[in-house]
Amino acid sequence: MSLPRRMLLAAVSIVLGLTALPANAGTMDPIIEILPPAPVPYHPTTETECADGSPTCIDVTIEQMQDRYDVLRATCDHDAVFALAYLRVTEDVRDALDEEIYDDPVWLRNQDAAFAQDYYDAYDNWHAGRRNLVPQAWRIALQVADDGSVSALGNFMLSMNAHINRDFSYVLAGAGLTGADGVSRKPDHNRYNPRLDSLYEPVFAEEALEFDPRFDDVNLANLDEEAVGAIMRGWRELVWRNAEALSLAKTPLALSIAKSNIETYATTQAVLYRSLFASSKARTAERDAYCHARQH
């Protein structure tokens with residue numbers, strides 16, 4: 001087992017409090033589903049993006065993502081790695097909405113648009129020099145994309161970490177964890193976990209084709225669909241619990257602690273992945289040459 005794989009699996013075990021991961025990511029779903037959500041009171045969404053949950057919102061989001069991705073891809077910007085993955089996931093979320101798998105599609109559309117806007121804000125503030133407005137986990141992810149100091153897989157993991165472990169809890173808390181009927185929205189949150197499993201192989205293959213043929217050199221396709229699936233499930237469970245802490249905070253101190261836990265965990269993960277996926281200048285030059293050759 002490679003060092004990256006051991007460390008990634010260990011990280012998931014720590015998150016879920018498991019001594020060992022199940023044989024595959026899907027066997028974690030029954031465990032996650034029986035973990036009861038906290039009784040969080042209903043409140044209307046405070047997220048202003050797609051506040052009415054219009055069906056057209058996700059189409060607009062995908063158009064924005066495609067436009068941003070096209071610019072990054074054309075220049076072989078290392079941020080294109082995450083932009084591609086996020087675009088493909090959002091397209092699949094739209095498919096899931098079309099298939100009516102969710103009990104509360106309005107909530108999902110509001111959440112999806114707000115989540116994307118958090119990414120845009122971090123990216124745009126960073127590149128406009130407003131770096132004091134960029135969360136620390138995003139600063140690390142965007143800096144290594146600028147200086148080429150991690151592998152393409154590292155860009156993927158660092159940006160995924162910043163967006164999920166840092167941004168997602170705030171979005172969930174803002175959109176609301178409980179419906180107006182008093183029923184928790186956690187089942188809808190959990191419902192997307194199995195769909196992610198079908199995305200890893202095609203997305204990783206596309207990343208390797210577009211940006212770096214060695215994208216999945218740590219063998220993320222055999223165990224990887226399982227390992228990455230387990231990691232994402234662990235992260236998604238953690239962000240829900242962090243969103244509960246934000247929503248249930250009764251005092252400024254409790255809210256400050258909840259926020260600090262989110263920021264500290266995401267930053268710690270970023271530091272780990274920055275080290276784990278460090279890339280030499282020669283390897284980065286090879287990756288960039290491959291990408292630029294594809295653009296001409």
Exercise for the section: Kindly indicate whether the side chain of Trp138, heavy atoms from C-beta on, has any atom under 4.5 Å from the side chain of Asp167. Expected result: yes
Exercise for the section: State, to 0.1 Å, how close Val134 and Arg130 come at their nearest heavy-atom pair, and which atoms those are. Expected result: CG2-O, 3.7 Å
Fill in the blank from the handout: Between Gly176 and Trp107, the two heavy atoms sitting closest are O-NE1, 2.8 Å
Practice task
Could you tell me the separation between the CG atom of Asn242 and the CZ atom of Phe168, rounded to the nearest 0.5 Å?
Solution key: 12.0 Å
Fill in the blank from the handout: Closest non-hydrogen contact found for Leu97 with Ile58 is CD1-CD1, 3.9 Å
Completion exercise
Minimal heavy-atom distance between Ser169 and Leu246, with the atoms involved, is O-CD1, 3.8 Å
Problem - Carboxylate-amine/guanidinium contact Arg241 Glu237, below 4.0 Å - result: yes
Handout entry: Same apolar cluster (I L V M F W Y, side chains within < 4.5 Å links), Tyr69/Val93
Key = yes
Problem - Set of residues satisfying ring-ring contact (aromatic ring centres under 6.0 Å, His included) with respect to Tyr86, sequence neighbours excluded - result: Phe82, Tyr119, His163
Exercise for the section: Check whether the side chains of Asp147 and His78 place a donor and an acceptor atom closer than 3.5 Å, and report yes or no. Expected result: no
Problem - Common cluster, Ile262/Val239, ILVMFWY with side-chain heavy-atom separation under 4.5 Å - result: no
Handout entry: Separation between CD of Gln269 and CG of Asn165, rounded to the nearest 0.5 Å
Key = 6.0 Å
Handout entry: disulfide bond (SG atoms under 2.5 Å apart) contacts touching residues 68-103 (sequence neighbours left out)
Key = Cys76-Cys291
Handout entry: Hydrophobic cluster identity match, Val40 and Leu255, side-chain contacts under 4.5 Å
Key = no
Handout entry: Qualifying residues under ring-ring contact (aromatic ring centres under 6.0 Å, His included), relative to His292, sequence neighbours excluded
Key = none
Fill in the blank from the handout: Phe211 and Ala80 have their tightest heavy-atom pair at CZ-CB, 3.6 Å
Handout entry: Pair Arg294-Glu210, side chain to side chain contact (heavy atoms under 4.5 Å, CB included): steps then yes or no
Key = CA-CA 7 Å; Arg294 280 191 53 79; Glu210 293 292 340; 3.5 Å; yes
Practice task
Check whether any side-chain N or O of His189 sits under 3.5 Å from a backbone N or O of Leu177 as a donor-acceptor pair, and report yes or no.
Solution key: no
Handout entry: hydrophobic_cluster_shared for Met157 and Val271, side chain cutoff 4.5 Å
Key = yes
Exercise for the section: State, yes or no, whether a side-chain contact exists between Ile101 and Arg195 at a heavy-atom distance under 4.5 Å. Expected result: yes
N/O donor-acceptor pairs under 3.5 Å from side chains in residues 110-118, not counting sequence neighbours:
from	atom 1	to	atom 2	distance (Å)
Asn110	OD1	Thr45	OG1	2.7
Asn110	ND2	Glu47	O	3.3
Asn110	ND2	Glu49	O	2.8
Asn110	ND2	Cys50	O	3.4
Gln117	NE2	Asp121	OD1	2.9

Fill in the blank from the handout: Paired with Asp103, the salt bridge (charged side-chain N to carboxylate O under 4.0 Å, His left out) test is passed by just one of Arg191, Arg185, Lys186, namely Arg191
Exercise for the section: Ignoring hydrogens and angles, tell me if any N or O in the side chain of Tyr42 forms a donor-acceptor pair with the backbone of Val183 under 3.5 Å. Expected result: no
Handout entry: Distance in Å, Thr61 OG1 paired with Glu91 CD, rounded so as to fall on 0.5 Å steps
Key = 12.0 Å
Completion exercise
For residues 247-261, the side chain to side chain donor-acceptor pair (under 3.5 Å) pairs (sequence neighbours left out) are none
Practice task
Can you measure from OH (Tyr265) to CH2 (Trp235) and round to the nearest 0.5 angstrom?
Solution key: 7.0 Å
Fill in the blank from the handout: Taken to the nearest 0.5 Å, the spacing of Arg94 CZ from Leu108 CG works out to 14.5 Å
Practice task
Would you please say whether a donor-acceptor pair under 3.5 Å links the side chains of Trp240 and Asn190?
Solution key: no
Handout entry: Joint hydrophobic cluster, Leu209 plus Val89, side-chain heavy atoms closer than 4.5 Å
Key = no
Fill in the blank from the handout: Distance col, row Gln136:CD vs Thr268:OG1, nearest 0.5 angstrom, shows 10.5 Å
Handout entry: Asp52 to Cys57 - nearest heavy-atom pair and separation
Key = OD1-SG, 4.4 Å
Exercise for the section: With sequence neighbours excluded, give me every disulfide bond (SG atoms under 2.5 Å apart) pair touching residues 120-153. Expected result: none
Problem - Donor-acceptor side-chain pairing of Asp146 and Trp126 below 3.5 angstrom - result: yes
Exercise for the section: Determine, for Tyr120 and Arg68, whether the Lys NZ or Arg CZ falls below 6.0 Å from the six-membered ring centre while staying within 45 degrees of the axis. Expected result: yes
Problem - Expected output: side-chain Thr75 to main-chain Leu72 donor-acceptor under 3.5 Å - result: yes
Problem - Other residues, nucleotides, ligands: >12 heavy atoms within 6.0 Å of Glu100 CD - result: no
Practice task
Decide, yes or no, whether a salt bridge links Asp59 with Arg109 under the criterion of side-chain N to carboxylate O below 4.0 Å.
Solution key: no
Handout entry: side chain to side chain contact (heavy atoms under 4.5 Å, CB included) assessment of Arg236 paired with Leu196
Key = CA-CA 11 Å; Arg236 284 171 57 83; Leu196 281 170; 3.9 Å; yes
Practice task
Under the side chain to side chain contact (heavy atoms under 4.5 Å, CB included) rule, what do Asp197 and Arg233 come out as? Steps first, then yes or no, please.
Solution key: CA-CA 10 Å; Asp197 295 340; Arg233 280 168 171 79; 2.8 Å; yes
Handout entry: Exam field: side chain Asn155 to backbone Val81, donor-acceptor pair closer than 3.5 Å
Key = no
Problem - Residue pair Met232 / Ile164, side-chain heavy-atom distance below 4.5 Å - result: yes
Problem - Full working for side chain to side chain contact (heavy atoms under 4.5 Å, CB included) between Arg274 and Gln143 - result: CA-CA 10 Å; Arg274 181 176 60 188; Gln143 182 62 63; over 6 Å; no
Handout entry: Donor-acceptor pair, side chain of Thr267 and main chain of Thr264, under 3.5 angstrom
Key = no
Practice task
Please check if the side chain of Arg283 supplies one atom and the backbone of Ser151 the other of a donor-acceptor pair under 3.5 Å.
Solution key: no
Practice task
Look at the rings of Phe204 and Tyr200 and say which category their plane angle falls in: under 30° parallel, 30 to 60° tilted, over 60° perpendicular.
Solution key: perpendicular
